[in-house]
Amino acid sequence: MTRLNGISHRGRVLTLDSMNPNVKRVEYAVRGPIVQRAVQIEKELKEGVKKPFTEVIKANIGDAHAMGQKPITFFRQVLALCSYPALLEDSKFPEDVKKRAQRILEACGGHSIGAYSTSQGIECIRQDVARYIEKRDGGIPSNPDNIYLSTGASDAIVTILKLLVCGEGRDRTGVMISIPQYPLYSAALADLGAVQINYYLDEDNCWSLNIAELRRALNAAREHCNPRVLCIINPGNPTGQVQSRQCIEDVIRFAKEEHLFLMADEVYQDNVYAEGCQFHSFKKVLFEMGPEYSNTVEMASFHSTSKCYMGECGFRGGYMEVINLDPEVKAQLIKLVSVRLCPPVPGQALLDLVVNPPQPDEPSYATFMTERTAVLSTLAEKARLTEQIFNTVPGITCNPVQGAMYTFPCITLPQKAIDKAKELGLVPDMFYCMRLLEEDGICLVPGSGFGQREGTYHFRMTILPPTDKLKVVLQKIREFHLRFTQEFS
Amino acid sequence: MNHGTALLWKRRALSSLSATRRGLPKEKMSENGIMSRAKVLTIDTMNPTVKKVEYAVRGPIVQRAVELERELSEGMKKPFAEVIKANIGDAHAMGQQPITFFRQVLALCSYPELLSDSTFPEDAKSRACRILQSCGGNSMGAYSASQGIDSVRQDVARYIERRDGGVACDPDNIYLTTGASDGIVTMLKLLVCGEGTTRTGVMIPIPQYPLYSAALAELGAVQIDYFLNEEKCWSLDITELQRAVNEARQYCNPRALCIINPGNPTGQVQSRQCIEDVIRFAAKERLFLMADEVYQDNVYAEGCQFHSFKKVLFEMGPEYAETVELASFHSTSKCYMGECGFRGGYMEIINMDDEVKDQLTKLLSVRLCPPVPGQALMDLVVNPPQPGEPSYGSFIKERTATLSALAEKAKLTEQVLNTVQGISCNPVQGAMYSFPRITIPEKAVKEATEKGQQPDMFYCMKMLEETGICLVPGSGFGQKDGTYHFRMTILPPTDKLKILLNKVKEFHQRFTQQYS
């Protein structure tokens, strides 16, 4: 044993006790312990170990392609041409594909997607993103200068949170997040040492957002921190609710009154299924509320290539639009993103196609529309099917899946099961989900990973498996739930 | 004053106190008499450590270069026709061509219909199939495991074993990353803890690649500078390491030692003996070693050879191989590939505590996974065409052409710059940069100081305005007090580089004359 700096050393330099304490507080249930067990079981299956099932179904993560969804042909054609421009001579590629590829390549250093781009992202792509936003929002202007391409939406979300965190003790930045939430937010706040302020979505009202609840949360938080940010996910993850326009207005009004920076996570903006529901971007609503709001409320909106009808998670494409950001802070933001050089260029290229898809007069238009429509209508069908089947199970209640890619049903657990879970040192819904995994090979994420009201239990399941498989999965869960309830009655 | 009034005043005072405590900013009267409120997020209310971050490679001089490019494209007259961005290690931007094989496989992975296209060689198709089969739903659009695609990590491990003469590599110790920068920042993040005099200190070379100083500033870790020896071709001196760590122990807890080999910006390739000495030093001083080896194929000088820290560590026997904690970093951005835009990379972790490993895996999972195209590209880098495969001939040709052109340009650069009075350039043994020392006349130093600029920034800004050549001042990398340098890449095509070097020469002579 040696002594250095008055500290005695035994063993390694880097141990659990001598590592970054914030990192230890980080949790991310979507890829947490249950998934690790699922991967282990997959390995066992491969090695020939006998199980009550022949495959593990990973319904834990919003990964459409992994569940069999096909990429959009046009996008992949353009990406192939960008990767290997010799293909521009190949007659089997339609003209609109070649045009898009050429435009992207011309915007790259040395006409190669292997060059670094500017840190804010390729300029013509940011211009295309701005135009997309304008079209989407009924003409409300978008300045390309306010667009920052990012490595998935997660990258931009973490960057903005990082900028916002300051203060010590009771002045420490507090960030309001929905419960249930997508656990990137809680993880980022733990990593940054910011204060997490929970506001509960209303399960009895289809997971809607309640201004009174926002106010309650905020007032309570002011006792112990400095609340500065309000995060909304719309459409919601894991809950799938699509906020009404009125609600969005109310949130904006609340943010202004309470002087909060608004963060609008809108990565599921094309995933809207329910009758009567519509996506309204926070940006649009803000501007339609007039200059008193649109000139003052500070906001960042986030989008991604990972969800919607594209499902291109692996490319790590995304962007954020910042509104009313202080120019000095903007300069700091640019400086901060410059250290990591740039977001992946293939992801930037893909984003360009997402915001600039085939138009009605172009050769690829018909195929594009067919593919896009097929994906979205299938998802809508599966959303309905899921809600319907779960609601036939005694002890499972499922709110309508209005949008996004998940269902987050409430499950009733018998007291005996809760007691058993406690004995095992497990959170009750983790115990439930682990059982489901071991007995049926279905991997879900327990509600505790997202947050839920005390004494309630949920799980999050994706609606991504192909319809036939999804029907089987839903059946198995139904049977499991009945069995489980019986066993612990 | 009666009791009631006092109570009222107290209540008002408390409510205004709680308004401030509530974080609501005071209303302020602006010039036109309108009450306005400060923003939520201002320079005063933002993260203070972010403000301390600097990254010269894309700093103020580059912003000015971009402005100049805009002005040129708008038809403004300048003493030059184009801005030459010799500030950043971006090979493709400077005209270097990608490796055909790599791009063929990437195209096949992007659009697998091309697998039935006869114009693609069989080895490209078989690599693409292998990659796609390891992807969820056989698509590059699926997330991968957070540590990276399994088969790619296995290929990386085999590459390392081959490179290191058979020293074993466990794929479990390989983590694919979003460029090497991502891995480096992640490791530094894990290492930082403590407060005040127990705050983690991290030793970095001066001059350094400013990702390190930026990351340390953001993490609030303590930066411990150790100076490379300019007189000895930027070599690393153990006595200097010792000096730096001893001094640092007075005000922080030194826990990590970062080496860049081959060096950036300095280009030196460390001798095997030096690497052994560093390992011994790290063991003795109980430091976590971080070996940034992204330029491992960029070695030009006679007598120089790349020795990986991992290999040397293991060849030093179990006393070291079983104890020294090491992370080595590699990337797809440099070497002969130059595929910066793909953000591909990996790190190999040696002797990391198992519990810390779990924490690392957990931390990486929050960001889901590194970009899959970059992972695919890394797979090709570590598993290139073999003799006997159809693409082997062209692959070797392209690779050799790129590396020998770089070697030529390294020599040319050293040679030409050393003909300039007032510029002295160490041999560019490796990497992609020259970091010559420049003598700046006292008058120029004075003018710079008056302008509030670092003298070498003043010099580089002038060069930019007069010649359109964008370099990065040495102050952006660190240098001994009272010395000045600039970093210039050796990446422009040889003909253009020759012109560049001449313009730099002429500028320097002009500048020296002007301020004599």
Side-chain angles (χ1 to χ4, degrees), chain A residues 4-5 9 12-16 18-21 23 26 28 31 63 65-66 68 71 76-77 79-80 83-84 87 109-110 112-116 119 151 154 162-166 184 187 222 226 228 259 261 298 311-316 326 328-329 332 335-336 338-340 344-347, chain B residues 22-24 39-43 45-48 50 53 55 58 90 92-93 95 98 103-104 106-107 110-111 114 136-137 139-143 146 178 181 189-193 211 214 249 253 255 286 288 325 338-343 353 355-356 359 362-363 365-367 371-374:
Chain A
L4 276 170
N5 266 34
H9 294 270
R12 299 197 148 96
V13 176
L14 183 55
T15 66
L16 214 54
S18 64
M19 69 171 277
N20 187 325
V23 172
V26 167
Y28 183 69
R31 283 205 151 168
D63 188 343
H65 290 201
R76 292 308 193 86
Q77 288 176 328
L79 287 166
S83 299
Y84 188 52
L87 290 171
S112 163
I113 54 172
Y116 288 123
S119 303
T151 307
S154 299
K162 184 180 288 189
L163 284 180
L164 281 156
V165 175
C166 72
L184 164 72
R222 288 218 155 104
N226 181 14
R228 300 178 66 219
H259 208 241
F261 190 108
E298 290 148 79
E312 298 280 12
C313 309
F315 279 82
R316 313 316 284 113
D326 179 287
E328 285 186 294
V329 174
Q332 291 291 321
K335 182 189 69 172
L336 184 62
S338 79
V339 181
R340 301 298 289 273
V345 177
Chain B
R22 283 204 307 273
L24 294 172
K39 285 184 190 282
V40 177
L41 183 55
T42 67
I43 202 90
T45 62
M46 69 173 276
N47 189 325
V50 170
V53 166
Y55 182 70
R58 284 205 151 168
D90 188 347
H92 290 202
R103 294 306 195 86
Q104 288 176 328
L106 288 164
S110 299
Y111 188 53
L114 291 169
S139 164
M140 283 212 298
Y143 288 122
S146 302
T178 308
S181 298
K189 181 183 282 190
L190 284 180
L191 280 156
V192 175
C193 70
L211 164 71
R249 288 201 193 282
N253 182 15
R255 301 180 64 222
R286 295 192 37 81
F288 192 108
E325 291 149 76
E339 298 279 13
C340 308
F342 278 81
R343 313 317 283 112
D353 177 282
E355 288 184 295
V356 176
Q359 292 291 320
K362 182 189 71 173
L363 184 62
S365 76
V366 180
R367 301 297 291 272
V372 174

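Chain letters run A, B, ... following the sequence lines, proteins first and then strands; every chain starts at 1.
Remark: B:M46 CE to A:D326 CG distance equals 9.5 Å, nearest 0.5 Å. Rounded to the nearest 0.5 Å, atoms CD (B:Q359) and CG (A:N20) are 10.0 Å apart. Note that OG of B:S365 is 7.5 Å distant from CZ of A:R31, once rounded to the nearest 0.5 Å. To the nearest 0.5 angstrom, B:E325 atom CD is 6.0 Å from A:L14 atom CG.
Taking every heavy atom of both residues into account, A:S112 and B:H92 meet most closely at OG-ND1, 2.7 Å. Contact record, A:D63 with B:Y143: OD2-N, 2.8 Å, taken as the closest heavy-atom pair. When all heavy atoms of B:R286 and A:R12 are compared, the closest pair comes out as NH2-O, 3.1 Å. Closest heavy-atom contact between A:R340 and B:S181: NE-CB, 4.0 Å. Closest non-hydrogen pair, A:T151 versus B:R367, comes out as O-NH2, 4.4 Å.
Chain B forms more heavy-atom pairs under 4.5 Å with one residue of A:V339, A:L184, A:L79 than with any other, namely A:V339. Interface remark: of the candidates B:L363, B:L114, B:V366, B:V366 forms the most heavy-atom pairs closer than 4.5 Å to chain A. For the options B:P371, B:C340, B:P98, B:A214, heavy-atom pairs under 4.5 Å to chain A are most numerous at B:C340. Top candidate by heavy-atom pairs under 4.5 Å with chain A, chosen from B:V192, B:V372, B:N47, B:I43, is B:N47. When the candidates A:G68, A:G347, A:A80, A:S119 are compared by the number of heavy-atom contacts under 4.5 Å with chain B, A:A80 comes out ahead. Comparing A:A66, A:G314, A:P21 by heavy-atom pairs within less than 4.5 Å of chain B, the highest count is held by A:G314. Comparing B:S146, B:G338, B:G136, B:A142 by how many heavy-atom pairs each has under 4.5 Å with chain A, the most go to B:A142.
Partners of B:F288 according to the ring pair (Phe, Tyr, Trp, His ring centres under 6.0 Å) rule, which considers only residues two or more places apart in sequence or in another chain, do not exist here.
With a 4.5 Å cut-off on side-chain heavy atoms, B:R103 and A:I113 count as touching. At a threshold of 4.5 Å between non-hydrogen side-chain atoms, the residues B:R255 and A:S18 count as touching. At least one side-chain heavy atom of B:T45 sits under 4.5 Å from a side-chain heavy atom of A:R228. A:L164 is listed as a side-chain neighbour of B:L41, based on a closest heavy-atom distance under 4.5 Å. Between A:Y28 and B:K362 there is no side-chain heavy-atom pair separated by less than 4.5 Å.
Both the backbone and the side chain of A:E328 come within contact range of chain B, judged by heavy atoms closer than 4.5 Å.
Side-chain contact check for B:T178 and A:R316: no donor-acceptor pair (N or O, by modelled atom type) lies under 3.5 Å.
A donor-acceptor contact shorter than 3.5 Å links the side chain of A:K335 to the backbone of B:V53.
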